[in-house]
S.K.: 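Take this structure, written in structure tokens, and hold onto it; I'll ask about it next.
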Amino acid sequence: MEDSRKILGKVHWQSPSNIAIVKYWGKKGIQIPINPSISFSLLKSYTETEIKYSLKKSSEDISAKFHFEGIKNDAFENKILNYFSQIKSDFQLFNKYHLEIKSKNTFPHSAGIASSASSMSALVLCLLSIEQTERKISEDEFRKRASYYSRLASGSACRSIKDGFSLWGETDAFPSSSNDYAVQLSEIHSNFRELQDAILIVDSKQKKVSSTEGHRLMENHPHKIARITQANAHTAELIAALKTGDFSTFARISEIEAIGLHALMMTSSPSYNLMETNSLNIIEKIKAFRTKSGLDLCFTMDAGPNVHLIYPKLNQEKITRFIEKELLVYCESDKWIADEMGIGPIQLMNTTYE
């Protein structure tokens, strides 16, 4: 049944996924990471979220409807309503407005590309834009709040608020780092300013185990302390490498972190494996091609079977030929996304109606 409420305004944001080089795996308290992580935002893998808001009925508590890619999605809607309940006291809009939320992705949902990062950050940016109609804050404060509340929705979402490289989690290697929100890494060598990310889709189906469950299993993991030590060391090394342009160190850390993430999954209790045979085939092909060509390139993976092939833009033509000739045979229906380092979230609309 069509809702007859008068629409008072509409906000619309696009927010990117991000790919972690140093991985976030394991948390404590309310979405606090057990180790720092570093990622860069993507350009073409993003979520668009639109919210229309109207006056809610006085008898209603939190009032919202959610459609994902044109279809009412009760599971996502319940997740969003639970999140809204957690942050209700910080947002006056929940006392006033009914929200009609529509969202869509440019990439497969829940297949190891950080869909929760892009979707929840886009949602939070919309909420803050609605709040901005009544209480203006500075751009810096807006972005900090966006990162903070995105973190509460999905840890890695706090890093999607930034363009280029960002750091989340306290570390001695970066004095202004925080567990509450992500910070920008601005001292980046030109070698890393136009990174390309070829996302090789081994399997686009929803992954068998959620990231939430994976994080929970880190609580009693036998390698937890060693993992925290390793992630802190990698964070310090990577910050230094990004400043000096050291791609060799970048590649070494990226690949150790990727394999290490999956090793942590396999050695948890219960254990699980999200890699597939073709994931391993792609990894071996990348290593062999790098040895043969001498080009700068490396791989990483999130918690899923898909492989991210990362390289500088100057190598794009040669590596695209390599992908098409040697890697697509291992991809689901020859699927891959030619992505690259992004510019962060983009506001597409903020309109109020008389």
S.K.: Can you see whether E170 engages S177 through a side-chain donor-acceptor pair at a distance of less than 3.5 angstrom?
M.R.: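 No, S177 and E170 have no side-chain donor paired with an acceptor closer than 3.5 Å.
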
S.K.: Between N179 and W168 (side chain of the first, backbone of the second, donor and acceptor by atom type, cut-off under 3.5 Å), is there such a pair?
M.R.: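 Checked: no pair found.
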
S.K.: Sub-3.5 Å donor-acceptor pair from the side chain of H234 to the main-chain atoms of I21, do we have one?
M.R.: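 Not at all, since once roles are kept as given, no pair shorter than 3.5 Å links the two residues.
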
S.K.: So, R216 and E213, do they make that salt bridge, N to O below 4.0 Å?
M.R.: yes

S.K.: I'd like to know if the side chain of S160 reaches the main chain of P16, judged simply by a donor and an acceptor atom lying under 3.5 Å from each other, with no hydrogens or angles considered.
M.R.: yes

S.K.: Taking NZ, NE, NH1 and NH2 as the nitrogens, is one of them in K88 or D90 under 4.0 Å from a carboxylate oxygen of the other?
M.R.: no

S.K.: Is there a donor-acceptor pair under 3.5 Å between the side chain of N35 and the backbone N or O of I228?
M.R.: no

S.K.: Between F107 and D339, is a side-chain contact (heavy atoms from CB on, under 4.5 Å) present by the stated rule, with each step listed?
M.R.: CA-CA 11 Å; F107 58 93; D339 216 328; over 6 Å; no

S.K.: Taking the ring of Y181 and the ring of Y148, is the distance between their centroids below 6.0 Å?
M.R.: no

S.K.: Would you call K96 and E134 a salt bridge, taking side-chain N to carboxylate O under 4.0 Å as the test?
M.R.: yes

S.K.: Working to the nearest 0.5 angstrom, can you tell me the gap between S54 OG and L8 CG?
M.R.: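 Those atoms lie 6.5 Å apart.
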
S.K.: Is it true that E139 and R143 have a side-chain N and a carboxylate O under 4.0 angstrom from each other?
M.R.: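 Judged by the 4.0 Å cut-off on N to carboxylate O distance, E139 and R143 do form a salt bridge.
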
S.K.: Do T235 and T171 have side-chain N/O donor and acceptor atoms under 3.5 Å apart?
M.R.: no

S.K.: Could you go step by step and tell me if F192 and F40 meet the ring-ring contact (aromatic ring centres under 6.0 Å, His included) rule?
M.R.: CA-CA 10 Å; F192 297 111; F40 66 87; 9.5 Å; no

S.K.: Enter the distance from N232:CG to D172:CG here, rounded to the nearest 0.5 Å.
M.R.: 7.5 Å

S.K.: Is there a donor-acceptor pair closer than 3.5 Å between any side-chain N or O of S293 and the backbone N or O of L295?
M.R.: yes

S.K.: Mind checking the CG-CD spacing from D334 to E324? Nearest 0.5 Å is all I need.
M.R.: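 Output value for this atom pair is 10.0 Å.
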
S.K.: Is there a side-chain contact between L185 and S166 in this structure, where contact means two heavy atoms from C-beta onward sitting under 4.5 Å apart?
M.R.: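 When only atoms from C-beta onward are counted, S166 and L185 do not touch, as no gap falls below 4.5 Å.
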
S.K.: Is the shortest distance from a Lys or Arg side-chain nitrogen in E141 or K144 to a carboxylate oxygen in the other one below 4.0 Å?
M.R.: no

S.K.: Show me the pairs that pass ring-ring contact (aromatic ring centres under 6.0 Å, His included) and involve residues 204-231, at least two apart or across chains.
M.R.: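 Qualifying pairs: Y24-H215, W25-H215, H221-H223.
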
S.K.: Do E326 and K285 meet the salt-bridge criterion of a basic N to acidic O distance under 4.0 Å?
M.R.: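 Yes, K285 and E326 are salt-bridged.
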
S.K.: Within the side chain of K23, is there an N or O that forms a donor-acceptor pair under 3.5 Å with the backbone of M301?
M.R.: yes

S.K.: Among side-chain atoms of S118 and T47, is any donor-acceptor pair under 3.5 angstrom?
M.R.: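 S118 vs T47: donor-acceptor pair found between side chains.
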
S.K.: Any donor-acceptor pair under 3.5 Å linking the side chain of R151 with the backbone of Q31?
M.R.: yes

S.K.: Within this structure, what is the CG-OG distance for the pair N220 and S269, rounded to the nearest 0.5 Å?
M.R.: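 OG of S269 is found 9.0 Å from CG of N220.
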
S.K.: Does the ring center of Y311 lie less than 6.0 Å from the ring center of F247?
M.R.: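 Not under 6.0 Å, so no.
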
S.K.: Is there a side-chain contact between V202 and Y330 (heavy atoms, below 4.5 Å)?
M.R.: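 They are not in side-chain contact.
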
S.K.: Do S129 and N350 have a side chain donor and acceptor closer than 3.5 Å?
M.R.: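 Side-chain D/A pair, S129 to N350: absent.
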
S.K.: Is it the case that the side chains of S39 and K162 hold a donor-acceptor pair, with the cut-off being a distance below 3.5 Å and no angle test?
M.R.: no

S.K.: Walk me through it: do V124 and Y83 pass the test side-chain contact (heavy atoms from CB on, under 4.5 Å)?
M.R.: CA-CA 11 Å; V124 168; Y83 170 62; 3.4 Å; yes

S.K.: Take L195 and F165 through the side-chain contact (heavy atoms from CB on, under 4.5 Å) test and state the conclusion after the steps.
M.R.: CA-CA 11 Å; L195 286 181; F165 282 94; 3.8 Å; yes

S.K.: Working to the nearest 0.5 angstrom, can you tell me the gap between W13 CH2 and I51 CD1?
M.R.: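 Interatomic distance, W13 CH2 to I51 CD1, rounded to 0.5 Å: 12.0 Å.
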
S.K.: Output yes when a side-chain donor or acceptor of S279 lies under 3.5 Å from a complementary backbone atom of M275, and no otherwise.
M.R.: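 Here the side-chain-to-backbone pair does not exist.
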
S.K.: What I want to find out is whether E50 reaches K104 closely enough, with some N-O distance under 4.0 Å, to be called a salt bridge.
M.R.: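 Looking at E50 and K104, the cut-off is not met.
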
S.K.: Answer yes when R252 and E237 have at least one side-chain N-carboxylate O distance shorter than 4.0 Å, and no when they do not.
M.R.: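 Yes.
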
S.K.: Given side-chain contact (heavy atoms from CB on, under 4.5 Å), test I199 with S45 step by step and report yes or no.
M.R.: CA-CA 10 Å; I199 307 170; S45 299; 3.6 Å; yes

S.K.: Under 3.5 Å, is there a donor on one side chain and an acceptor on the other for S154 and S116?
M.R.: yes

S.K.: Check whether any side-chain N or O of S41 sits under 3.5 Å from a backbone N or O of G164 as a donor-acceptor pair, and report yes or no.
M.R.: yes

S.K.: Can you tell me if S254 uses its side chain to pair, donor with acceptor, with the backbone of A251 under 3.5 Å?
M.R.: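 Between the backbone of A251 and the side chain of S254 there is no qualifying donor-acceptor contact (under 3.5 Å).
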
S.K.: Would you call the rings of F76 and F66 parallel, tilted or perpendicular if under 30° counts as parallel and over 60° as perpendicular?
M.R.: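 Aromatic pair F76/F66 classed tilted.
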
S.K.: With rounding to the nearest 0.5 angstrom, report the CZ to CD1 distance, F68 to I101.
M.R.: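 Going from CZ on F68 over to CD1 on I101, the span is 13.5 Å.
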
S.K.: May I ask you to decide whether R290 forms a salt bridge with D296, counting only side-chain N to carboxylate O separations under 4.0 Å?
M.R.: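 Salt bridge between R290 and D296, a charged N being under 4.0 Å from a carboxylate O: no.
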
